[in-house]
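Working notes, beginning with the structure itself.
What you are looking at is a predicted structure, and each value in this text was computed from that prediction instead of being measured. Order of appearance sets the numbers: ligands from 1, and atoms from 1 within every ligand.
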Amino acid sequence: MKKIGVLTSGGDAPGMNAAVRAVVRKALYHDLEVAGIYYGYQGLIDGQIESLDRGSVGDIIQRGGTKLHSARCLEFKTEEGQLKAIEQLKKHGIEGLVVIGGDGSYQGALALTKRGFPCVGVPGTIDNDIPGTDYTIGFDTALNTVIDCIDKIRDTATSHERTFIIEVMGRDAGDLALWAGLAGGAETILIPEVQHDLDELVTRLEQGYDRGKKHSIIIVAEGVMSASDLAKKLSEKDIETRVSVLGHIQRGGSPTARDRVLASTFAARAVELLIENRGGLAVGMRNHVVVDYDLEEAFKKERNTDLSMYTLSKELSI
Ligand code: ADP
């Protein structure tokens, strides 16, 4: 392999830049050329491709977002789009591709690999929703952003003795809500992985008020329902709340040290796999060890959300 490509795709995540930097530097270290593909699969189809040298990825390790930009591309889901992409890769002399993104991006990487073009997936998403890896790049940064917001909301919740509902991202996964809820000391956490009971929630809130709690923080994962829908349901039970939807603030910001380290180690492993001509794989972390596994596993395997954290958060929020 003489030249590899790298792209970021789907929803952006803090740490993607650190991963791009590591792909480029690791490849150059092994005397490979690197092509940066801008705007994900759309840019690949359109040929928005540029050589990346050592300096082109300087000063980005600390930046959120992605220097390569990201885009959603429906055309790439079609056979025609994928063949156009392969044509571009061949035209630019690219022999392997590192795809940094979430499960949609992995589907694209798998499709290209099945057409004979080796791709390796690097998990980049704040949702932490990719089976086969304990962590994805961006999750830790987003988590710390959410905790910072909870702490701030807690100040005003205490002053006014209010109940707040904070809606966090995560798509169909509850990891961000669960970790943030435990770390932020929330009274209640609603995640898609655990069936909730509105009456039980009301009882818990009322018992808390009776015990003298001055405020309550409810964290709701977007995969369960919107904060405003929950507020409506609680208001029907005579519980007044304030709503805060954190939104895209969770996707930005300088990556934490943990995300930078994760990004650097994942990306370096991806380059090593391509050097060994091993495509169709995803990189991940299991029990603190960097691993690689079949991309298909990322779609077939069940994700393991640590539900003991859910139980613990209930025990600690009495
Ligand atoms: P994420 O990677 O964050 O999950 P998306 O689901 O939007 O984000 O996927 C990113 C891109 O990956 C899509 O815009 C599309 O170009 C490509 N993609 C998604 N699903 C498929 C698929 N089934 N086959 C081929 N490409 C796909």
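- Considering backbone and side-chain atoms alike, Y41 places every N or O at 3.5 Å or more from each N or O of ligand 1.
- Nearest heavy atoms, I150 versus G184: CG2-O, 3.8 Å.
- Side-chain atoms of D259 and T141 include a donor-acceptor pair closer than 3.5 Å.
- Residue G102 has at least one nitrogen or oxygen atom sitting less than 3.5 Å from a nitrogen or oxygen atom of ligand 1, judged on distance alone.
- With a heavy-atom cut-off of 4.0 Å, R171 touches ligand 1 through its side chain alone.
- Distances between N or O atoms of A71 and those of ligand 1 include no value under 3.5 Å.
- With 3.5 Å as the limit, one finds no donor-acceptor pair spanning the side chains of T136 and D129.
- Side-chain atoms of S70 do not come within 3.5 Å of backbone N or O of G40 as any donor-acceptor pair.
- Taking the ring centre of Y135 as origin, the terminal cationic atom of R258 falls inside the region bounded by 6.0 Å and 45° from the ring axis.
- Considering only non-hydrogen atoms, atom 10 (C) of ligand 1 lies nearest to S9 out of G81, A85, S9, A13.
- Cluster membership check: V122 shares its hydrophobic cluster with M1, using side-chain heavy-atom separations under 4.5 Å among Ile, Leu, Val, Met, Phe, Trp and Tyr.
- Scanning the protein heavy atoms around atom 14 (O) of ligand 1, the nearest turns out to be C73 N, 2.6 Å.
- In this structure, R286 forms a cation-pi arrangement with Y293, its terminal cationic atom sitting closer than 6.0 Å to the ring centre and no more than 45° off the ring axis.
- Counting only N and O atoms by type, the side chains of S254 and R260 include a donor and acceptor under 3.5 Å apart.
- Of all protein heavy atoms, the one lying nearest to atom 2 (O) of ligand 1 is S105 OG, 2.4 Å.
- Under a 4.0 Å heavy-atom criterion, D103 is in contact with ligand 1.
- When hydrogens are left out, the protein atom nearest atom 3 (O) of ligand 1 is G11 N, 3.1 Å; that is the closest non-hydrogen contact.
- Heavy-atom proximity to R72, at under 4.0 Å, picks out these atoms of ligand 1: 5 (P), 7 (O), 8 (O), 14 (O).
- Close approach of ligand 1 to G108 (heavy-atom distance below 4.0 Å) involves ligand atoms 25 (C), 26 (N), 27 (C).
- Annotation: Q82 places no N or O atom under 3.5 Å from an N or O atom of ligand 1; distance criterion only.
- No hydrogens or angles considered: nothing links the side chains of S216 and T163 as a donor-acceptor pair under 3.5 Å.
- Nearest protein neighbour of atom 23 (N) of ligand 1, counting heavy atoms only, is Q107 CB, 3.5 Å.
- Listed by number with element, the atoms of ligand 1 under 4.0 Å from a non-hydrogen atom of G10 are 1 (P), 2 (O), 3 (O), 8 (O), 10 (C).
- When the heavy atoms of A109, S70, G104, G101 are ranked by distance to atom 4 (O) of ligand 1, first place goes to G104.
- In plain terms, the two heavy atoms of A19 and I137 that are nearest each other are CB-CD1, 4.3 Å.
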